[in-house]
Amino acid sequence: QGHLVESGGGLVQAGTSLRLSCTASGRSLMWLHMGWFRQAPGKEREFVAAITSSGGTTYYADSVRGRFTMFKENIENTAYLQMNSLKPEDTAVYYCHAGGAFDSGTYIASAGYWGQGTQVTVSS
């Protein structure tokens, strides 16, 4: 069973950028679809972005499309979430997931495994 570790979160001002990393140990990410989710205080966890195992196709929530980019570097066994033009409403704990599946363009995280999360706080 693999282990995911997220990093790169922090406190930033609106309009700036952050890059989150999700690194795996104990298992290669090369053959796994992956996703990023986030959970704000008092809200349910929501989908942010996902990528196919090859890295060839990405999917985004409407709220982040055009601002966030997800990509994989299989040689580094790491997935990234580049977040630009951050807004206060992006404030949340961001979680990485590996080993999900796609169903009609929707990333399903019912199987696989999660990282521990990294806090992103965007001030106005």
Side-chain angles (χ1 to χ4, degrees):
Q1 184 73 7
H3 179 62
L4 295 176
V5 177
E6 299 100 331
S7 62
L11 171 63
V12 297
Q13 290 188 329
T16 60
S17 300
L18 277 177
R19 177 176 290 186
L20 304 184
S21 301
C22 174
T23 301
S25 60
R27 185 168 184 178
S28 173
L29 297 178
M30 182 176 295
W31 312 112
L32 300 180
H33 303 318
M34 298 185 66
W36 283 97
F37 293 76
R38 66 187 182 187
Q39 187 166 18
K43 295 186 178 181
E44 294 186 353
R45 189 172 298 187
E46 64 175 3
F47 168 77
V48 175
I51 193 167
T52 55
S53 58
S54 67
T57 304
T58 50
Y59 301 86
Y60 299 96
D62 290 342
S63 59
V64 307
R65 187 175 293 111
R67 300 188 297 122
F68 290 12
T69 301
M70 183 175 184
F71 58 100
K72 293 176 73 184
E73 294 289 354
N74 286 329
I75 196 170
E76 298 174 0
N77 217 31
T78 299
Y80 297 93
L81 184 67
Q82 176 67 40
M83 306 186 296
N84 299 330
S85 302
L86 283 162
K87 304 175 181 180
E89 50 263 45
D90 295 319
T91 295
V93 178
Y94 283 71
Y95 297 91
C96 176
H97 182 273
F102 286 99
D103 182 1
S104 300
T106 299
Y107 183 79
I108 309 299
S110 56
Y113 50 107
W114 294 90
Q116 83 291 348
T118 185
Q119 176 70 48
V120 173
T121 303
V122 184
S123 63
S124 58

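Source: prediction; values computed, not measured.
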Check the hydrophobic clustering (I, L, V, M, F, W, Y; side-chain heavy atoms under 4.5 Å; chains of links allowed) and say if Tyr113 and Val93 are grouped together. no
In this structure, which one of Val64, Asp90, Leu18, Val122 forms a side-chain contact (heavy atoms from CB on, under 4.5 Å) with Met83? Leu18
Which one of Arg67, Met70, Arg19 satisfies the side-chain contact (heavy atoms from CB on, under 4.5 Å) criterion with Gln82? Arg19
Rounded to the nearest 0.5 Å, how far does [atom2] of [Y] lie from [atom1] of [X]?
X	Y	atom1	atom2	value
Asn74	Met30	CG	CE	5.0 Å
Cys22	Asn77	SG	CG	9.5 Å
Lys72	His33	NZ	NE2	8.5 Å
Phe102	Ile51	CZ	CD1	8.0 Å
Leu20	Trp36	CG	CH2	4.5 Å
Arg38	Arg45	CZ	CZ	13.0 Å

Just checking, is any N or O donor in the side chain of Thr78 or Thr23 under 3.5 Å from an acceptor N or O on the other one? yes
If you look at every heavy atom in [X] and [Y], which pair is closest and at what distance?
X	Y	value
Pro88	Ser124	CG-CB, 3.8 Å
Gly8	Thr118	N-OG1, 4.3 Å
Tyr59	Gly105	CD2-O, 3.4 Å
Leu4	Cys96	CD1-O, 3.9 Å
Ser85	Ser17	N-OG, 4.3 Å
Val120	Gly9	CG2-CA, 4.1 Å

Is a donor on one side and an acceptor on the other found under 3.5 Å between the side chain of Thr57 and the backbone of Thr52? no
Taking Glu6 for its side chain and Gln116 for its backbone only, find out whether a donor-acceptor pair lies under 3.5 Å. yes
Does the plane of the ring in Tyr107 sit parallel, tilted or perpendicular to the ring in His97? Use 30° and 60° as the thresholds. perpendicular
With a 4.5 Å cut-off on side-chain heavy atoms, are [Y] and [X] touching?
X	Y	value
Gln13	Leu86	no
Glu73	Phe71	yes
Phe68	Thr58	no

Face-on cation placement of Arg65 at Tyr60 ring, 6.0 Å and 45° thresholds: no
